[in-house]
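What follows is one structure encoded as structure tokens, with my remarks underneath.
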Amino acid sequence: MITPVNFEQRIRGCYAVAYARVSRIVGSREIAEDVLQEAMVKAWQGLSKLRDPDKLEGWFLQIATREALAAARVERRSFSGPACVDAAEVADGKPGPLETAELAEQTGIVWEAVSMLSPKQRAVFVMCGVEDLTLREAAICLGITTGSAKRHMSRARNKLRVCLSRVSGDLK
Amino acid sequence: MKWPWTCQQGQPDDEAVDSWAKEGMHVSAPDGSFEQVWAASASRLRERRRPSAWELELAIHRLRIWIRALAGGLAVATALLVLIAVREHQRPQQSTRSGQRQELASEAQGRDLLSFVAEPAAHRRYDLLTDPRIVLGSVSE
């Protein structure tokens with residue numbers, strides 16, 4: 001039996017992962033928090049449907065991911081990308097102004113490239129490419145087949161590869 | 001931050017693409033984000049449990065419509081019942097009247113029969129004289 005206190009503690013435990021995933025998919029902090037809010041409400045209301053209480057975290061992540069995908073489809077124009085990350089967060093130690101600016105530019109390039117992907121491609125890529133989940137896990141989470149997840153992942157990587165090659169050429 | 005593809009020749013492989021994205025898409029939840037989102041969710045859940053004023057108003061309006069419909073239905077049903085009761089009440093009277101009519105009709109038939117019996121030569125035509133109950137001019141029981 002999951003009590004409200006227990007529910008809060010466990011959701012708190014997986015919040016960082018959920019936040020990172022949702023932010024990467026929707027590309028905006030504000031929308032990510034809205035999505036997570038909706039996911040929490042849905043998870044609490046549908047708690048009776050959860051067969052195994054030990055899988056609450058995975059179940060919540062699944063709800064949050066699907067909500068993020070739906071939000072990404074609706075809010076395509078809100079994908080701000082770089083605004084999702086504070087460049088200072090990424091840097092090790094205390095970066096100087098030049099390093100911070102360079103970092104902001106580089107992360108901006110990555111986010112811009114990721115914003116070119118379709119919401120589903122982005123969701124699959126975030127889960128498999130960034131979080132190192134298997135294609136099967138990503139497919140289950142999104143409610144699609146493994147084959148479909150594989151196709152999305154392949155297309156996403158190809159698009160990013162083209163972008164990456166271009167950037168690489170520019171830098172060279 | 002080191003960019004993995006810059007040291008490679010040609011097209012970057014899958015690993016290079018993934019590590020590039022991992023480096024560039026680093027996200028961490030800001031402090032207090034969970035508390036903020038949790039509070040907003042809890043507030044939404046409370047709001048959903050307690051209906052708002054307009055929802056209550058709508059519910060009352062619907063209830064009134066239902067009550068009116070129910071009252072109308074009851075009135076129609078009562079009227080029908082009264083109509084049926086009145087008809088049922090009238091039926092015995094009608095049957096009494098029809099009984100009286102039947103009596104009168106049989107009486108008239110009897111008279112006709114007497115007149116028929118009194119007709120000259122009728123006893124011969126219908127062999128009425130053989131019936132011991134019939135005495136000319138009257139019918140004995």
Side-chain angles (χ1 to χ4, degrees), chain A residues 4 8 11-12 15-24 29 32-41 43-45 81-82 84-86 89-92 99 102-103 106-111 113-114 125-126 128-132 153-154 156-158 160-165 167-168 171-172, chain B residues 1-70:
Chain A
E8 185 188 347
I11 297 299
R12 187 191 286 272
Y15 184 77
V17 177
Y19 183 89
R21 184 184 292 176
V22 170
S23 300
R24 284 169 183 144
R29 283 190 188 277
E33 289 186 345
D34 287 348
V35 165
L36 286 165
Q37 194 191 108
E38 185 64 34
M40 280 182 194
V41 171
W44 177 253
Q45 285 178 335
C84 218
V85 188
D86 294 327
E89 275 180 24
V90 190
D92 300 320
E99 281 175 305
E102 193 187 337
L103 209 58
Q106 287 171 349
T107 51
I109 292 166
V110 177
W111 282 95
V114 171
F125 180 75
V126 163
C128 300
V130 180
E131 294 179 14
D132 291 329
M153 185 63 185
S154 170
R157 271 185 179 143
N158 285 338
L160 291 176
R161 191 174 288 122
V162 170
C163 187
L164 190 55
S165 308
V167 175
S168 176
L171 286 175
K172 278 174 187 171
Chain B
M1 194 161 112
K2 198 177 175 184
W3 294 90
W5 74 89
T6 49
C7 53
Q8 289 177 10
Q9 295 294 319
Q11 283 267 309
D13 59 5
D14 289 351
E15 275 182 33
V17 172
D18 292 355
S19 59
W20 176 62
K22 272 178 203 166
E23 290 272 335
M25 293 183 86
H26 179 89
V27 180
S28 58
D31 291 338
S33 172
F34 175 78
E35 282 72 20
Q36 198 184 325
V37 172
W38 178 261
S41 309
S43 151
R44 270 181 63 187
L45 280 168
R46 271 197 297 275
E47 275 172 23
R48 280 188 191 183
R49 241 179 259 156
R50 198 185 303 152
S52 56
W54 69 268
E55 278 177 316
L56 276 173
E57 210 171 300
L58 186 71
I60 291 167
H61 178 70
R62 280 180 182 163
L63 199 68
R64 275 183 189 157
I65 290 172
W66 274 106
I67 289 168
R68 274 181 206 165
L70 206 66

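A, B, ... follow the sequence lines: proteins, then strands. Residue 1 opens every chain.
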One should read off an interatomic distance between A/R161 CZ and B/D13 CG, to the nearest 0.5 angstrom, of 7.5 Å
Going by side-chain hydrogen bond (donor to acceptor under 3.5 Å, both in side chains), name the residues that satisfy it together with A/R157, two or more places apart in sequence or in a different chain. B/D18
Set of salt bridge (Lys or Arg N to Asp or Glu O under 4.0 Å) partners for A/E38, sequence neighbours left out: B/R44
Is there side-chain contact between A/V110 and B/E23, with heavy atoms separated by less than 4.5 Å? no
Of the backbone (N, CA, C, O) and the side chain (C-beta and beyond), which part of A/Q45 lies under 4.5 Å from a heavy atom of chain B, both, or neither? side chain
With sequence neighbours left out, the residues meeting salt bridge (Lys or Arg N to Asp or Glu O under 4.0 Å) with A/D132 are B/K22
Within residues 31-40 of chain B, which positions have a heavy-atom distance to chain A below 4.5 Å? B/S33, B/F34, B/E35, B/Q36, B/V37, B/W38, B/A40
Any idea which heavy atoms bring B/G24 and A/W111 closest together, and the distance? O-NE1, 3.2 Å
A/V126 versus chain B, the contacting section by heavy-atom distance below 4.5 Å: side chain
Minimum heavy-atom distance A/E33-B/P30, with the two atoms named: OE2-CG, 4.4 Å
Measuring from A/Q37:CD to B/S43:OG, what's the distance to the nearest 0.5 Å? 8.0 Å
